[in-house]
Amino acid sequence: MSTKTYHIGVEATMEIIGGKWKSIILCHLRHQTMRTGELARAIPQISQKMLTQQLRELEAANIVERHVYKQVPPKVDYALTDYGQSLSGILHELCIWGEQNIDRRQAQGEAITLLSRDDV
């Protein structure tokens, strides 16, 4: 078996939460358990296929847990695991940095809108 090598710790972090969508999904799940449809409405630019794929990868990494309720019609929701909750501080800091960046750009006259701010 070969040993996996990282040159810096953030490589290991980005391997799990990197990409365009995972951190956005995780930020939504920090605040509440959500169903797939709720996530799709909260992130209108993501395709259903990509949302499902990203949720599965986060589930495989033990960051997100999937709950299936045995009812008709079936109900599935997603929540952060305890391990996933350990990312909350990092995700909050990313949100704050983004908000400050938007504020700075607005102050410079850029036409840019932020629909919601991170309250946690």
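Not measured: the values here are computed from a predicted model.
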Handout entry: Basic-acidic side-chain contact under 4.0 Å: Glu15, Lys22
Key =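 Answer for the salt bridge query: no.
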Can you measure from [atom1] ([X]) to [atom2] ([Y]) and round to the nearest 0.5 angstrom?
{"X": "Gln54", "Y": "Ile46", "atom1": "CD", "atom2": "CD1", "value": "6.0 Å"}
{"X": "Cys27", "Y": "His92", "atom1": "SG", "atom2": "NE2", "value": "10.0 Å"}
{"X": "Arg105", "Y": "Ile112", "atom1": "CZ", "atom2": "CD1", "value": "3.5 Å"}
{"X": "Leu26", "Y": "Gln85", "atom1": "CG", "atom2": "CD", "value": "10.0 Å"}
{"X": "Leu51", "Y": "Gln45", "atom1": "CG", "atom2": "CD", "value": "12.0 Å"}
{"X": "Gln48", "Y": "Thr36", "atom1": "CD", "atom2": "OG1", "value": "6.5 Å"}

Exercise for the section: Evaluate side-chain contact (heavy atoms from CB on, under 4.5 Å) for Val76 paired with His67, printing each intermediate quantity in order. Expected result: CA-CA 6 Å; Val76 177; His67 301 111; over 6 Å; no
Evaluate the side-chain proximity of [Y] to [X]: yes if any heavy-atom separation is below 4.5 Å, no if none is.
{"X": "Leu29", "Y": "Leu58", "result": "no"}
{"X": "Pro74", "Y": "Val68", "result": "no"}
{"X": "Ser23", "Y": "Met14", "result": "no"}
{"X": "Tyr78", "Y": "Arg66", "result": "yes"}

N/O donor-acceptor pair under 3.5 Å between [X] side chain and [Y] backbone:
{"X": "Gln100", "Y": "Trp97", "answer": "no"}
{"X": "Glu11", "Y": "Ile8", "answer": "yes"}
{"X": "Thr81", "Y": "Ile63", "answer": "yes"}

Problem - Within 6.0 angstrom of Tyr83 OH, more than 12 heavy atoms from elsewhere - result: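 No, OH of Tyr83 has 12 or fewer neighbouring heavy atoms, counting only those of other groups under 6.0 Å.
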Exercise for the section: Applying side-chain contact (heavy atoms from CB on, under 4.5 Å), run through Trp21 and Met50 and close with a yes or a no. Expected result: CA-CA 8 Å; Trp21 301 112; Met50 182 58 67; 3.5 Å; yes
Handout entry: Flag for Gln106-Glu110: side-chain donor and acceptor within less than 3.5 Å
Key =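 Checked: Glu110/Gln106 side chains show no N/O donor-acceptor pair below 3.5 Å.
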Practice task
Please report the closest heavy-atom contact between Ser88 and Arg30, naming both atoms and the distance.
Solution key: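 Answer, listing the atom of Ser88 first, then Arg30: O-NE, 3.7 Å.
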Exercise for the section: Could you please spell out the steps behind the side-chain contact (heavy atoms from CB on, under 4.5 Å) verdict for Glu38 and His28? Expected result: CA-CA 10 Å; Glu38 292 171 320; His28 285 289; over 6 Å; no
Practice task
Could you state whether Ile17 and Tyr6 fall into the same hydrophobic cluster, counting links through intermediate Ile, Leu, Val, Met, Phe, Trp or Tyr residues with side-chain heavy atoms under 4.5 angstrom apart?
Solution key: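 Ile17 and Tyr6: separate clusters.
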Exercise for the section: Apply the test side-chain contact (heavy atoms from CB on, under 4.5 Å) to residues Leu39 and Leu55: give CA-CA distance (whole Å), side-chain angles for both, the deciding distance (0.1 Å), then the verdict. Expected result: CA-CA 10 Å; Leu39 280 165; Leu55 286 166; 4.0 Å; yes
